[in-house]
Amino acid sequence: SNKRLTPIEKIQQSEPYRFFLSTVYGILDTYNQINAISLKEILSPEHGQLVRSAQFNYMFDIEFLREQYPPEFRLKPLLIVHGDSRHDNHTIKAQCSPYPQIEVCAARLDIPYGTHHTKMMFLLYETGLRIVIHTANLIQQDWKQKSQGIWISPICPKTNDNTNESKTNFKKDLIEYIERYRAKQLQFWQKTINEHDFSSINVHLISSTPGRHTGGDMNKFGHLKLRQTLKTYLGLENEAQYNSAPIIGQFSSIGSLGPNANNWLSKEFLTSLKQLHSSSLDSPELKLIYPTVDNVRTSLEGYMAGGSLPYNVQNAMKQGWLVNYFHKWKADHRQRSRASPHIKTYLRATNDEYKELLWFLVTSANLSKAAWGVLEKNNTQLMIRSYEIGVLFIPKQFSQTTFSVSDSSSSPSFPIPYDLPPVKYQSSDKPWVVDVAYKNQPDSHGNMWDPS
Ligand SMILES: O=C(O)c1c[nH]c2c(Br)cccc2c1=O
């Protein structure tokens with residue numbers, strides 16, 4: 001049907017996963033109705049009377065952000081949480097200075113090269129508290145023609161019994177994440193989270209905070225939190241059949257991963273991704289999805305999309321071995337093959353048919369040690385540079401043994417963002433690198449790319 005769904009209808013229809021892609025300007029409207037939502041719709045007055053909100057992010061255009069709030073909510077208190085990189089601090093403070101109702105909190109970044117990647121909203125309504133965890137910067141271009149991931153919580157009702165935890169420990173994990181900022185302006189939100197009933201939440205929180213995490217803190221963040229959560233909660237019947245089940249990583253940037261797969265990618269990181277209840281020595285296939293130059297050139301934005309895919313040539317040159325893992329960005333079933341990915345997702349399928357999933361993660365974390373952490377000091381500490389946050393979907397929390405991907409099965413199929421199985425790079429395909437020129441083929445707007 002070509003009926004336009006209201007924001008509330010979109011959220012109802014997205015149950016039980018509540019996992020959306022951002023709407024895309026320029027595709028058939030039906031593909032912007034099902035499991036697709038805009039920033040204005042997330043902030044719609046339909047959800048209730050907003051009291052105040054907080055916006056955690058990396059890049060901000062405050063005028064754009066204010067326009068996405070309904071006019072009647074633009075005077076409500078708003079807390080902006082960003083990274084404290086010098087120049088950024090200045091521009092954000094300057095942008096917010098005309099608005100006394102907007103407070104600014106600079107997240108401490110005590111480890112060099114760390115960034116505040118976390119993209120999260122706290123929306124406090126008169127009826128309760130909603131958490132949104134997503135992948136889009138608060139700038140217009142991130143919400144127009146890209147593929148972004150968004151998880152929208154139910155509105156959690158106020159309670160005076162602060163034990164209302166979810167079966168996934170989401171409340172405690174979120175409070176522990178916020179506590180790591182050690183920021184005065186976040187104390188109100190720690191208290192507010194504590195005063196709301198999170199029992200309806202069915203996803204796990206996977207976050208990263210800067211630090212050298214040791215002892216009891218080692219499994220609280222980064223890829224060790226993912227490892228621990230999978231080990232504790234996957235609970236599959238005769239799980240040995242899944243020891244070689246394939247794993248996918250999909251992201252919009254890549255860090256320096258070393259001279260070969262063996263030191264971090266396929267040892268440390270893959271060991272976490274492949275975790276079942278019991279560990280196994282099998283090394284399952286890891287497939288990585290990252291846009292080719294042609295994906296970017298032919299995208300709706302053209303080469304400009306590549307500005308948000310900051311994989312630099314310095315790193316790319318050092319790790320040519322990585323290209324063997326690469327697969328293209330392809331999302332025909334969502335009509336988003338040309339909506340350049342800024343979403344980051346990780347998943348494990350049950351086998352090479354990719355008809356069912358063992359789990360699915362949507363997060364701000366790219367493929368980098370800074371985001372996921374790297375083990376140091378003989379594996380006694382996990383060093384993480386950045387703030388990241390994501391949500392992990394595990395079938396058991398939805399009373400299912402696996403998530404079905406195709407609509408054929410009975411249980412509600414999981415709305416995956418891209419086509420499965422992934423399509424390998426052809427020999428002529430190159431990964432997009434942001435700081436080199438592409439001048440032999442014009443993009444979808446007839447332009448070339450010359451960063452110099
Ligand atoms: O986490 C994010 O959202 C991002 C982090 N770093 C970026 C750089 Br550096 C250049 C261009 C875009 C991004 C970006 O989108």
Side-chain angles (χ1 to χ4, degrees), residues 21-22 24 39 55-62 64-65 80-89 91-92 106-107 109 111-121 132-151 177 206-210 222 249-256 289-291 293 295-296 299-316 329 339-346 361-373 384-391 417 431-436 438 449 451-452:
L21 296 182
S22 49
V24 174
L39 183 52
Q55 294 283 355
F56 294 68
N57 217 299
Y58 173 73
M59 283 189 217
F60 295 82
D61 173 342
I62 296 299
F64 164 76
L65 177 59
I80 298 291
V81 184
H82 68 101
D84 69 352
S85 51
R86 307 286 155 255
H87 75 280
D88 224 0
N89 206 348
T91 54
I92 290 179
L109 283 164
I111 298 184
Y113 304 108
T115 50
H116 186 258
H117 271 173
T118 285
K119 298 168 173 71
M120 175 162 65
M121 309 180 195
V132 178
I133 289 175
H134 63 105
T135 65
N137 286 291
L138 294 173
I139 60 177
Q140 205 234 357
Q141 93 180 63
D142 265 40
W143 290 90
K144 188 178 178 192
Q145 294 187 308
K146 294 182 185 299
S147 293
Q148 303 278 8
I150 304 146
W151 171 76
Y177 171 80
I206 305 291
S207 71
S208 292
T209 63
Q250 175 275 316
F251 35 79
S252 61
S253 192
I254 306 164
S256 173
I289 296 176
Y290 177 76
V293 174
N295 281 148
V296 176
S299 72
L300 292 165
E301 299 170 270
Y303 284 128
M304 284 285 282
S308 299
L309 298 163
Y311 185 27
N312 64 50
V313 66
Q314 185 198 4
N315 283 340
W329 171 259
S340 184
H342 191 256
I343 187 172
K344 294 90 172 147
T345 61
Y346 301 81
L361 171 67
V362 58
T363 172
S364 62
N366 280 308
L367 187 67
S368 75
K369 296 176 185 175
W372 285 105
I384 299 176
R385 298 179 189 273
S386 298
Y387 292 86
E388 309 281 355
I389 205 158
V391 292
W432 168 265
V433 171
V434 68
D435 46 357
V436 299
Y438 301 99
W449 179 262
S452 54

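All residue numbers in this chain count up from 1 along the given sequence. All ligand and atom numbering here is 1-based and tracks the order in the structure.
Between Pro310 and Ser253, some side-chain heavy-atom pair lies under the 4.5 Å cut-off. A 4.5 Å side-chain heavy-atom check between Phe64 and Leu39 finds at least one atom pair inside the cut-off. Looking at Trp329 and Ser147, their side chains come closer than 4.5 Å, going by heavy atoms from C-beta outward. Gln148 is not listed as a side-chain neighbour of Trp143, based on a closest heavy-atom distance of 4.5 Å or more. Residues Val434 and Leu309 are not in side-chain contact: their nearest non-hydrogen atoms beyond the backbone lie 4.5 Å or more apart.
Where the criterion is an N or O separation shorter than 3.5 Å, residue side chain and backbone included, Asn137 meets it with respect to ligand 1. Checked by distance only, ligand 1 and Asn366 stay at 3.5 Å or farther apart across all their nitrogen or oxygen atoms. Note: an N/O pair closer than 3.5 Å links His342 and ligand 1 by distance alone.
For atom 1 (O) of ligand 1, the nearest non-hydrogen atom from the set Lys146, Lys119, Gln141, Gln148 belongs to Lys119.
In terms of protein heavy-atom proximity, atom 13 (C) of ligand 1 is closest to Met59 CE, 3.6 Å. Considering only non-hydrogen protein atoms, atom 8 (C) of ligand 1 sits nearest to Pro310 CG, 3.6 Å. When hydrogens are left out, the protein atom nearest atom 6 (N) of ligand 1 is Tyr58 CE2, 3.4 Å; that is the closest non-hydrogen contact. What sits closest to atom 11 (C) of ligand 1 on the protein, heavy atoms only, is Gly307 O, 3.1 Å.
Ser364 and Tyr58 form no side-chain donor-acceptor contact under 3.5 Å, judged by distance and modelled atom types alone.
Residue Trp432 is tested with Tyr311, Tyr438, Phe251 for a ring-ring contact (aromatic ring centres under 6.0 Å, His included); the sole match is Tyr438.
Using a 4.0 Å cut-off to heavy atoms of His117, the atoms of ligand 1 that qualify are 1 (O), 5 (C).
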